[in-house]
Amino acid sequence: MRTIKLTKETKEDILTNLLKRSPSNYGAYEATVAEIVGNVREKGDEAVFAYTKQFDKFDLTAENIRVTEEEIQEAYRALDEDLIAVYRRSAENIRIFHEKQLRTSWFDSKPDGTILGQRMIPISRAGVYVPGGKAAYPSSVLMNVIPAKVAGVEQIIMTTPCNSEGKVNAGTLVAADIAGVDVIYKIGGAQAIAAMAFGTGLVPKVDKITGPGNIFVALAKKAVYGHVSIDSIAGPSEILILADDTANPRYVAADLLSQAEHDELASAILITTSQALAEAVSAEVEKFTETLSRKAIINASLANYGYILLAESMEEAVDAANEIASEHLEILTKNPFDVMTRIKNAGAIFLGEYSSEPLGDYFAGPNHILPTNGTAKFFSPLNVDDFVKKTSIISYSREALLKAHEDIEAFAESEGLTAHANSIKVRFERNEDSYGTQQ
């Protein structure tokens with residue numbers, strides 16, 4: 001890995017380079033995605049069938065578009081029972097964590113008759129997209145579906161591509177069944193996003209779409225936002241490690257590579273105050289890479305977006321980490337909890353040498369659907385609140401409104417909205433209204 005001294009200039013160059021990976025910069029694909037989305041919106045199932053034939057080489061029909069219970073049971077038989085048990089334990093950890101995020105409706109009343117409150121109402125139908133191309137990710141099924149179930153969503157549908165024989169990845173189906181998906185459709189790509197966003201004869205319209213995907217899926221989610229809600233427009237995976245001279249270089253190298261293997265656009269960055277650690281990590285990265293199955297992808301990722309940055313101090317390193325706002329941030333220092341208190345921007349923070357990033361991907365419980373490309377400065381991990389609407393409740397008695405009506409009228413009139421002001425005034429006219437109510 002290349003080693004660079006951390007300066008204001010190198011930090012800005014790296015930030016610029018990282019932002020090139022954002023789906024917002026892939027304009028060349030937008031016309032294709034817009035055409036797919038438009039065709040599905042106009043032609044519904046006919047377009048979905050045609051695109052599935054074109055891209056997945058399968059003749060999709062009304063009879064085979066939905067995954068059957070028999071196919072789910074076949075998937076269970078195809079998987080090792082020990083692996084299924086791991087899925088179940090992971091699902092339980094995810095459920096327990098997300099149940100702690102649940103919030104209840106609340107109401108606040110005062111003696112003068114004022115009642116204010118907020119109702120928490122789950123959305124009616126959620127749609128989850130699950131990739132099935134280069135790799136399948138049952139872990140993402142659990143991470144997307146379980147928060148929706150905890151929130152109380154009435155129906156959860158899932159779309160995922162099938163192969164040319166109409167088969168869906170067995171791990172994906174088992175994870176979906178464990179998590180509680182209601183219906184699974186054999187649709188992939190931008191056409192799946194459009195089908196869930198607008199509805200077709202066979203696929204119902206959803207209220208929110210979540211889940212990762214390739215650039216076509218990401219741009220399709222961007223295109224349908226506003227017609228439905230979405231979780232985010234996710235970019236490639238990224239990890240940033242803050243480490244001092246107490247860190248184990250083998251652990252650091254292994255953790256950097258855990259994200260570099262995702263794809264050629266993945267980012268892996270180490271910021272350290274130790275020259276010796278930097279050199280040792282670089283050597284370990286080379287040794288590990290030779291033995292790993294996705295060597296070509298790792299090498300491309302590191303060549304494009306892999307860095308070791310040498311900082312003068314941990315304060316400088318923390319400042320850089322906050323600017324980069326990485327999806328995953330590991331802190332491998334003498335006192336990681338102290339460093340953590342100075343971190344403002346990160347999707348998920350992993351503290352200490354036994355809290356490797358894959359712990360969060362698969363098992364610990366916190367969600368692994370995280371903000372990328374610097375959006376951790378203003379976005380949060382997927383959570384229960386993403387599947388809940390908040391509705392404000394307002395009730396005033398005449399006594400309560402009497403105390404406030406002149407202020408409200410003055411505010412409305414200052415904005416030139418005299419009808420707003422009048423809506424309050426009429427309730428305090430001194431004569432009786434046409435219904436005989438004393439004003």
**Student:** Any side-chain donor-acceptor pair under 3.5 Å between D45 and T200?
**Tutor:** yes
**Student:** Which heavy atom in L173 sits nearest to a heavy atom in A75, and how many Å separate them?
**Tutor:** CB-CB, 3.9 Å
**Student:** If you measure from the Lys or Arg side-chain nitrogens to the Asp or Glu carboxylate oxygens, is any gap between E154 and R125 under 4.0 Å?
**Tutor:** no
**Student:** Looking at residues at least two apart in the chain, or sitting in another chain, which of them share a salt bridge (Lys or Arg N to Asp or Glu O under 4.0 Å) with E323?
**Tutor:** K377
**Student:** Should the pair F216 and Y29 be assigned to parallel (<30°), tilted (30 to 60°) or perpendicular (>60°) ring geometry?
**Tutor:** perpendicular
**Student:** Heavy atoms only: give me the nearest M143-I369 pair and the separation to one decimal.
**Tutor:** CB-CG1, 4.2 Å
**Student:** For K110, does the NZ atom have more than 12 heavy-atom neighbours from other residues, nucleotides or ligands under 6.0 Å away?
**Tutor:** no
**Student:** Could you state the interatomic distance from CD (E264) to CG (N299), rounded to the nearest 0.5 Å?
**Tutor:** 10.5 Å
**Student:** So does K287 pair up with E284, basic N to acidic O under 4.0 Å?
**Tutor:** yes
**Student:** Output yes when R95 and E99 qualify as a salt bridge under the 4.0 Å nitrogen-oxygen rule, no when they do not.
**Tutor:** yes
**Student:** Near Y354 OH, under 6.0 Å, is it more than 12 heavy atoms from other residues, nucleotides or ligands?
**Tutor:** no
**Student:** Is the shortest heavy-atom distance from the side chain of I157 to the side chain of V206 under 4.5 Å?
**Tutor:** yes
**Student:** Kindly write out the residues that satisfy side-chain hydrogen bond (donor to acceptor under 3.5 Å, both in side chains) with S140, not counting sequence neighbours, or none if the list is empty.
**Tutor:** H368
**Student:** Got more than 12 heavy atoms from elsewhere within 6.0 Å of CZ, F411?
**Tutor:** no
**Student:** Between E74 and R77, is the closest basic N to carboxylate O distance under 4.0 Å?
**Tutor:** no
**Student:** Measure the spacing between CG of D56 and CD1 of I187 and express it to the nearest 0.5 Å.
**Tutor:** 10.0 Å
**Student:** Enter the distance from T289:OG1 to I297:CD1 here, rounded to the nearest 0.5 Å.
**Tutor:** 12.5 Å
**Student:** How far does CD1 of I331 sit from CG of D244, to the nearest 0.5 angstrom?
**Tutor:** 11.0 Å
**Student:** Is the closest side-chain heavy-atom distance between F97 and P366 below 4.5 Å?
**Tutor:** yes
**Student:** Using a 6.0 Å cut-off, check whether atom NZ of K205 has over 12 heavy atoms from anything other than its own residue.
**Tutor:** yes
**Student:** Can you tell me if CD on E165 sees more than 12 non-hydrogen neighbours from other groups inside 6.0 Å?
**Tutor:** no
**Student:** Are the side chains of L240 and L242 in contact, using a 4.5 Å heavy-atom criterion?
**Tutor:** yes
**Student:** Side chains of V217 and P131: closer than 4.5 Å at any heavy-atom pair?
**Tutor:** no
**Student:** Identify the heavy atoms of R342 and E315 that sit nearest to each other, and give their distance.
**Tutor:** NH1-OE2, 3.5 Å
**Student:** Taking everything shown except Y225 itself, do over 12 heavy atoms lie less than 6.0 Å from its OH?
**Tutor:** no
**Student:** Work out which heavy atom in A175 is nearest to a heavy atom in P138; give both atom names and the distance.
**Tutor:** CB-O, 3.6 Å
**Student:** Would you list the pairs meeting ring-ring contact (aromatic ring centres under 6.0 Å, His included) in which at least one residue belongs to residues 33-52, sequence neighbours left out?
**Tutor:** Y51-F55
**Student:** Taking all non-hydrogen atoms of both residues, which atom of A47 and which atom of N39 are closest, and how far apart?
**Tutor:** CB-O, 3.6 Å
**Student:** Does this structure show an ion pair linking D385 with R103, if we count only N-O contacts that are shorter than 4.0 Å?
**Tutor:** yes
**Student:** Taking the side chain from S90 and the backbone from V86, do they hold a donor-acceptor pair closer than 3.5 Å?
**Tutor:** no
**Student:** Could you check whether K5 pairs with E312 (Lys NZ or Arg NE/NH1/NH2 to Asp/Glu carboxylate O, under 4.0 Å)?
**Tutor:** yes
**Student:** Could you tell me the separation between the CG atom of D255 and the CD atom of E330, rounded to the nearest 0.5 Å?
**Tutor:** 4.0 Å
**Student:** Applying the side chain to side chain contact (heavy atoms under 4.5 Å, CB included) criterion to M158, which one of T172, N144, V168 satisfies it?
**Tutor:** T172
**Student:** Could you pull out the closest heavy-atom pair between N345 and N322, with the gap in Å?
**Tutor:** ND2-O, 2.9 Å
**Student:** Can you tell me how far apart OG (S229) and CG (D386) are? Round to the nearest 0.5 Å.
**Tutor:** 7.5 Å
**Student:** Quick one: are K186 and V67 in side-chain contact, heavy atoms under 4.5 Å?
**Tutor:** yes
